[in-house]
Every structure is written in C-alpha cells, then in structure tokens.
Amino acid sequence: MKKFAIEIKWGIRYTFCYLAWAILEKSLGIYGENMSFYMLSSLLFYLFAALIYTLALKEKKTHYFNGSMDWKQGCATGLYMTIVIALLMPLTQASLHELIAPEFFENMIKASKDKASAATYFNLKSYIIQSIFFALSIGMVISAIVAYFVQTKKTK
C-alpha cells in the first residue's frame with residue numbers, strides 16, 4: 001500500500017478540489033440562473049485537474065523514483081491515481097448532488113428541450129456511472145500528456 005500512497009493522497013486531493021469547484025460553481029449560480037455557463041465551467045476544471053496530476057507525478061518522480069521517471073512510470077502513476085479518483089466518484093457525486101447542489105438535476109431538466117430524454121440523463125445513478133467512466137478516460141489522457149512533460153529527459 002505504501003507503494004501507492006502518493007496516488008491515493010493525490011486522488012483524495014483531486015476529489016476535494018472537485019467538490020470545492022462544485023461549491024464555487026454553485027456560488028456563481030452555475031447550477032441555477034447561470035446554467036448556460038455549466039459546460040464552460042466544467043471544462044475549466046480540467047485545467048486544475050491537469051495541475052493536480054502534474055503535482056502528483058512530480059512528487060512521485062522526486063520521492064519514489066529518486067528524480068528519474070520515464071513516460072511509462074508516469075502513465076502508470078497517473079493510472080493508479082485515476083483509479084482512486086474513479087473509485088471515489090460515487091461518493092463524490094452523491095455528496096455533490098445530495099448536499100451541495102440538490103437542485104442541479106431539476107434545473108438541468110427544466111433547461112432542456114426534450115424533458116423525457118433529459119430526465120433519463122440527469123439523475124444521480126446516470127451521473128455516477130458517467131463520472132466513473134469519464135474519470136477513467138480523461139484521467140488516462142491527462143496522465144499520458146502530463147507524464148510526457150514530467151518524464152526525465154534523456155541527454156545525448
């Protein structure tokens with residue numbers, strides 16, 4: 001377990017940042033009167049996600065790999081962190097939609113043109129499933145990109 005301590009720590013930090021971002025979105029009215037900015041706001045979060053992955057991979061490189069990490073090791077680190085994040089997503093989504101923004105689904109359905117389709121898409125079960133798969137996919141993409149930049153460069 002000590003081998004994955006950095007990934008677990010940063011996966012938990014990511015989760016708290018995700019929830020803090022949701023609180024910020026709510027305070028800015030993104031889940032209500034400013035719902036038209038929801039997609040932009042969601043995309044902006046992934047700049048912070050990339051920063052979190054960068055800090056995690058740099059820490060792993062420094063403290064676990066003694067300053068020398070190749071791309072594969074970086075990707076593996078990102079994968080393990082992504083798995084931690086995906087495992088925490090059901091609790092994160094439940095916290096977000098039950099405690100922080102219980103009005104989110106209702107407002108998204110109201111704002112949709114096709115209410116029936118929106119109701120099947122905008123609900124807690126659907127969002128939990130989507131968030132797990134999205135965390136896995138975007139996490140691997142971010143991991144691969146960040147690992148490329150964090151890897152130890154080979155000198156000729």
Side-chain angles (χ1 to χ4, degrees), residues 1 3-60 71-151:
M1 206 52 145
K3 180 179 178 180
F4 302 109
I6 292 170
E7 292 88 336
I8 293 168
K9 175 176 75 174
W10 282 98
I12 292 169
R13 286 180 178 176
Y14 176 100
T15 300
F16 281 116
C17 286
Y18 185 88
L19 290 171
W21 188 265
I23 292 168
L24 175 66
E25 286 179 323
K26 176 161 174 110
S27 69
L28 294 173
I30 302 291
Y31 302 147
E33 65 272 5
N34 296 321
M35 193 166 284
S36 60
F37 295 105
Y38 175 69
M39 290 303 277
L40 175 63
S41 176
S42 295
L43 290 173
L44 284 175
F45 173 76
Y46 290 100
L47 294 174
F48 290 101
L51 175 64
I52 293 166
Y53 273 84
T54 300
L55 294 171
L57 268 62
K58 282 186 173 188
E59 182 176 336
K60 188 75 171 195
W71 183 78
K72 281 191 209 176
Q73 291 168 322
C75 282
T77 297
L79 170 65
Y80 299 136
M81 185 175 141
T82 297
I83 290 169
V84 170
I85 293 165
L87 290 172
L88 291 172
M89 268 302 139
L91 179 60
T92 305
Q93 289 298 321
S95 298
L96 169 59
H97 296 294
E98 298 292 327
L99 302 172
I100 298 170
E103 73 281 5
F104 176 80
F105 294 128
E106 182 181 324
N107 289 341
M108 290 299 274
I109 292 168
K110 282 180 189 174
S112 299
K113 291 178 181 157
D114 183 357
K115 309 276 188 250
S117 295
T120 61
Y121 185 78
F122 294 112
N123 61 69
L124 185 58
K125 180 181 176 187
S126 174
Y127 253 56
I128 287 173
I129 293 167
Q130 291 173 47
S131 68
I132 291 169
F133 287 106
F134 190 73
L136 291 170
S137 60
I138 197 72
M140 281 313 307
V141 171
I142 292 172
S143 296
I145 293 168
V146 170
Y148 176 79
F149 290 104
V150 174
Q151 72 181 327

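Scope of the values below: all heavy atoms of this structure, side chains included, with no hydrogens, waters or symmetry mates.
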Identify the heavy atoms of [X] and [Y] that sit nearest to each other, and give their distance.
{"X": "Ile142", "Y": "Ala49", "value": "CD1-CB, 4.1 Å"}
{"X": "Gly139", "Y": "Ser143", "value": "O-OG, 2.6 Å"}
{"X": "Thr82", "Y": "Ala135", "value": "CG2-O, 3.2 Å"}
{"X": "Glu7", "Y": "Thr77", "value": "CG-O, 3.4 Å"}
{"X": "Ala101", "Y": "Tyr31", "value": "CB-CD1, 3.3 Å"}
{"X": "Gly11", "Y": "Met81", "value": "N-CG, 3.9 Å"}

With the side chain counted from C-beta on, respond yes when [X] and [Y] share a heavy-atom pair under 4.5 Å apart, and no when they do not.
{"X": "Leu19", "Y": "Ile100", "result": "yes"}
{"X": "Phe45", "Y": "Leu24", "result": "no"}
{"X": "Met35", "Y": "Lys110", "result": "no"}
{"X": "Tyr121", "Y": "Ser112", "result": "no"}
{"X": "Met108", "Y": "Tyr38", "result": "yes"}
{"X": "Gln93", "Y": "Ile132", "result": "no"}
{"X": "Ile128", "Y": "Met89", "result": "no"}
{"X": "Tyr53", "Y": "Ile85", "result": "yes"}

Give, for atom [atom1] of [X] and atom [atom2] of [Y], the distance between the pair rounded to the nearest 0.5 Å.
{"X": "Ile109", "Y": "Ser117", "atom1": "CD1", "atom2": "OG", "answer": "11.0 Å"}
{"X": "Ser126", "Y": "Phe105", "atom1": "OG", "atom2": "CZ", "answer": "7.5 Å"}
{"X": "Gln73", "Y": "Leu57", "atom1": "CD", "atom2": "CG", "answer": "10.5 Å"}
{"X": "Ile6", "Y": "Lys58", "atom1": "CD1", "atom2": "NZ", "answer": "14.5 Å"}
{"X": "Phe149", "Y": "Thr54", "atom1": "CZ", "atom2": "OG1", "answer": "9.5 Å"}
{"X": "Leu91", "Y": "Glu98", "atom1": "CG", "atom2": "CD", "answer": "11.5 Å"}

Between Trp21 and Phe48, what is the ring plane arrangement, given parallel below 30°, perpendicular above 60°, and tilted in between? tilted
Check: Do the rings of His97 and Phe104 sit parallel, tilted or perpendicular, given the 30° and 60° boundaries?
Finding: tilted
The single option from Leu28, Leu44, Ile30 that satisfies side chain to side chain contact (heavy atoms under 4.5 Å, CB included) with Phe37 is Ile30
* Taking atom OH of Tyr148 as the centre, does the number of heavy atoms from other residues, nucleotides or ligands within less than 6.0 Å exceed 12? -> no
More than 12 heavy atoms of other groups within 6.0 Å of Lys26 NZ
yes
*is_close_aromatic(Phe134, Tyr127), centroid dist under 6.0 Å*: no
* **side-chain contact (heavy atoms from CB on, under 4.5 Å) evaluation trace for Thr92 with Leu96** => CA-CA 6 Å; Thr92 305; Leu96 169 59; 5.6 Å; no
